[in-house]
2 protein chains.
Amino acid sequence: MATIYQVSALAGVSLATVSRVMNNNAKVSDKTKQKVVDAMKELGYRPNATARSLASSRSDSVGLLVSELHGPFFGQMMGGTESELRDAGKHVIITTGHSDEEKEIDGIEFLLSRNCDALILHVEAVSDEYLIKLNKGKVPIVLINRFIEEMADSCITLDNALGGYLMTKSILEKGHTEIAYISGPKWKSDSNERIKGHKKALQEYNLPFNEQLMYQGDFTQSGGCEGISSLLEVGRPFTVLICGNDEMASGALATARQKGLDVPKDLSIVGFDNVIYASLLFPTLTTIDYPIRDMGHMAARLVLKNIYGQKKLDIRHQFLPELVERDSTISI
Amino acid sequence: MATIYQVSALAGVSLATVSRVMNNNAKVSDKTKQKVVDAMKELGYRPNATARSLASSRSDSVGLLVSELHGPFFGQMMGGTESELRDAGKHVIITTGHSDEEKEIDGIEFLLSRNCDALILHVEAVSDEYLIKLNKGKVPIVLINRFIEEMADSCITLDNALGGYLMTKSILEKGHTEIAYISGPKWKSDSNERIKGHKKALQEYNLPFNEQLMYQGDFTQSGGCEGISSLLEVGRPFTVLICGNDEMASGALATARQKGLDVPKDLSIVGFDNVIYASLLFPTLTTIDYPIRDMGHMAARLVLKNIYGQKKLDIRHQFLPELVERDSTISI
DNA sequence: TTGTATGCGTTATCAT
DNA sequence: ATGATAACGCATACAA
């Protein structure tokens with residue numbers, strides 16, 4: 001691989017000059033610039049990003065930490081962030097945290113060690129204190145789907161409580177009173193917020209929250225399957241099943257059908273996220289739209305604005321969920 | 001951020017010694033090692049991967065290029081590769097090619113410029129020649145879902161032709177003779193191989209290939225929607241619709257239902273890939289299982305074996321597709 | 001076992 | 001406008 005030395009030698013100029021034309025951040029006469037460009041082309045020169053980064057402590061790349069690489073949710077998020085950044089000529093370095101504190105920290109340290117210009121994090125296990133401290137460091141942080149008062153300017157969030165409220169309200173309006181609920185892991189804030197909204201809606205309708213018909217799932221399809229099975233075994237009838245996300249809802253849907261239940265006639269089901277295949281299920285799934293792709297976009301824009309100086313971008317920190325009514329819910 | 005200099009000063013040893021305990025690749029007395037470790041801890045020292053990489057021309061990370069970050073196919077592939085590599089203490093740097101030659105090359109150059117120890121590529125647009133040349137370079141390459149004779153040892157492939165054959169044969173066995181086909185882009189090799197297998201099965205049954213009922217889609221859901229609409233307009237009846245992948249199949253399925261067609265009674269539909277939600281659709285989708293997660297795993301193992309010296313791993317280069325019969329196909 | 005010195009490929013600060 | 005040269009943070013061949 002050709003280096004800057006060889007280019008400078010072939011072009012008959014100094015290292016500094018070659019560097020200047022690469023970064024075109026200083027005046028270079030057209031004549032010498034041409035010589036350099038020619039030399040570069042002849043040698044097939046490609047700058048070494050590592051050396052460049054070491055010398056400049058920049059890297060033109062931003063670190064992105066997601067919980068998982070698979071699944072519709074993170075797929076959309078990564079896609080949104082990457083496309084925006086790529087359009088701006090920046091690269092994204094992706095790694096995973098697997099919702100595990102140690103792995104999340106490991107991932108963050110990896111990204112930091114790669115000299116990322118900024119970090120966009122979807123973290124669930126590390127503490128607020130850790131993040132606050134991290135945020136005081138040299139590398140700017142953007143938090144997605146998590147709100148921390150002390151670093152509010154760096155947070156891109158969805159109003160999960162509102163989402164939980166909307167989904168419950170919609171089924172209460174349909175006359176349901178016997179409600180089962182498969183939540184996400186209780187230690188995840190979005191699960192909890194959704195439950196909060198759920199309870200608020202119940203309160204407005206003077207309905208009690210029934211702990212018996214609450215099952216704690218794990219946001220996966222199979223979690224939804226196990227959830228509905230377990231809930232049916234409780235023996236207490238319910239006319240609607242609220243799921244903490246679409247993946248669990250789709251699992252529950254399939255299991256319900258296997259058990260001979262007609263959705264929505266025998267049982268209404270609601271999801272959360274509006275994943276790409278929610279409208280392909282049968283019946284099509286009523287859910288809450290989570291504009292995660294837009295939020296991924298916005299996280300990228302926040303970085304572009306704060307770190308890469310694209311001042312004119314306007315930023316939105318809080319996104320709103322919306323009810324998407326489809327065929328999996330029915331009035332009774 | 002603390003550097004190796006500060007650690008060496010605090011510990012009262014030389015740079016080299018600090019470096020040795022970091023990499024523990026040379027004898028260091030327990031006593032001095034302890035001093036160094038203590039100093040590191042006290043300073044919260046974290047090695048700078050960039051500097052490290054520049055000095056050693058290694059990076060303990062492998063570059064991964066996929067076409068897209070979203071979608072069930074690439075999600076599974078990335079997940080498989082990352083988990084295997086992460087378990088081995090290596091990191092993955094992911095970037096995208098968007099099935100576009102220029103972007104694929106840009107992505108590869110980015111990965112190369114980051115000093116990746118190896119590259120795992122799912123590329124569709126760059127030429128064989130480019131890859132062969134790339135493969136002669138310093139950085140080892142692994143190709144996934146693409147076969148090039150000259151670098152066969154670096155390829156992890158699925159027998160797409162066999163898959164195409166299996167899917168067609170299964171519906172021929174069911175008595176279908178009026179067959180419509182929504183293919184992937186014709187310039188993608190997997191699309192083509194699947195069509196080849198399709199034709200081979202037709203031949204065995206002495207059935208003609210009907211160009212009229214062939215629609216070229218783009219492997220997306222909406223492509224499937226457009227495909228079936230267009231095919232229905234041809235006016236020539238068909239009892240089965242073969243789709244180049246599950247995403248198009250799911251789009252076609254939804255559109256078919258919208259148009260009042262009963263799947264599978266009025267129309268059988270087959271997909272390809274066996275994506276995670278194929279079994280959640282209604283009716284559940286008959287498809288060809290593409291073990292892409294395993295293949296992602298295997299690509300990682302190939303790297304671990306060849307580059308990171310884990311010699312005992314055994315490698316499999318060719319994977320076989322399997323028919324998964326579900327409810328979207330029926331005998332006539 | 002430990003230390004010294006040099007190189008890795010750039011950027012950036014001085015000069016000129 | 002251009003050139004010398006010192007960082008950047010670490011690995012490593014060579015000495016001791």
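Proteins come first, then strands; the chains are lettered A, B, ... in the order of their sequence lines, and each starts at number 1.
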Sugar-phosphate only, base, or nothing, as touched by A:T50 at under 4.0 Å among non-hydrogen atoms: nothing

Between B:D60 and B:Y308, a side-chain donor and acceptor under 3.5 Å: no

B:K305 (side chain) donor-acceptor with B:L313 (main chain) under 3.5 angstrom: yes

Distance in Å, A:N145 CG paired with A:N160 CG, rounded so as to fall on 0.5 Å steps: 5.5 Å

Between C:dT11 (C1') and A:N115 (CG): distance, integer Å: 13 Å

Rounded distance (Å) that lies between atom P of D:dA1 and atom CD of A:Q34: 17 Å

Length of the line joining B:N24:CG and C:dT1:P, which is rounded to integer Å: 13 Å

OP1 or OP2 of C:dG3 under 4.0 Å from side-chain N/O of B:T17: yes

Close side-chain approach of B:T50 and B:S53, heavy atoms under 4.5 Å: no

Separation of C:dT2 C1' from B:K31 NZ (nearest whole Å): 12 Å

Length of the CG-P vector between A:L54 and C:dA12, whole Å: 12 Å

Geometric class of the A:H91/B:F110 ring pair [parallel <30°, tilted 30-60°, perpendicular >60°]: parallel

Whether over 12 other heavy atoms sit under 6.0 Å from B:E102 CD: no

Distances under 3.5 Å between nitrogen or oxygen atoms of protein and nucleotides 10-13 of chain D:
residue: D:dC10; atom: OP1; partner: B:Y45; partner atom: OH; Å: 2.5
residue: D:dC10; atom: OP1; partner: B:N48; partner atom: N; Å: 3.0
residue: D:dC10; atom: OP2; partner: B:I4; partner atom: N; Å: 2.4
residue: D:dC10; atom: N4; partner: B:Y5; partner atom: OH; Å: 3.3
residue: D:dA11; atom: OP1; partner: B:N23; partner atom: OD1; Å: 3.4
residue: D:dA11; atom: OP1; partner: B:N23; partner atom: ND2; Å: 3.3
residue: D:dA11; atom: OP1; partner: B:R52; partner atom: NE; Å: 2.8
residue: D:dA11; atom: OP2; partner: B:S19; partner atom: OG; Å: 2.8

Gap between atoms CE and P, on A:M40 and C:dG9 respectively (whole Å): 15 Å

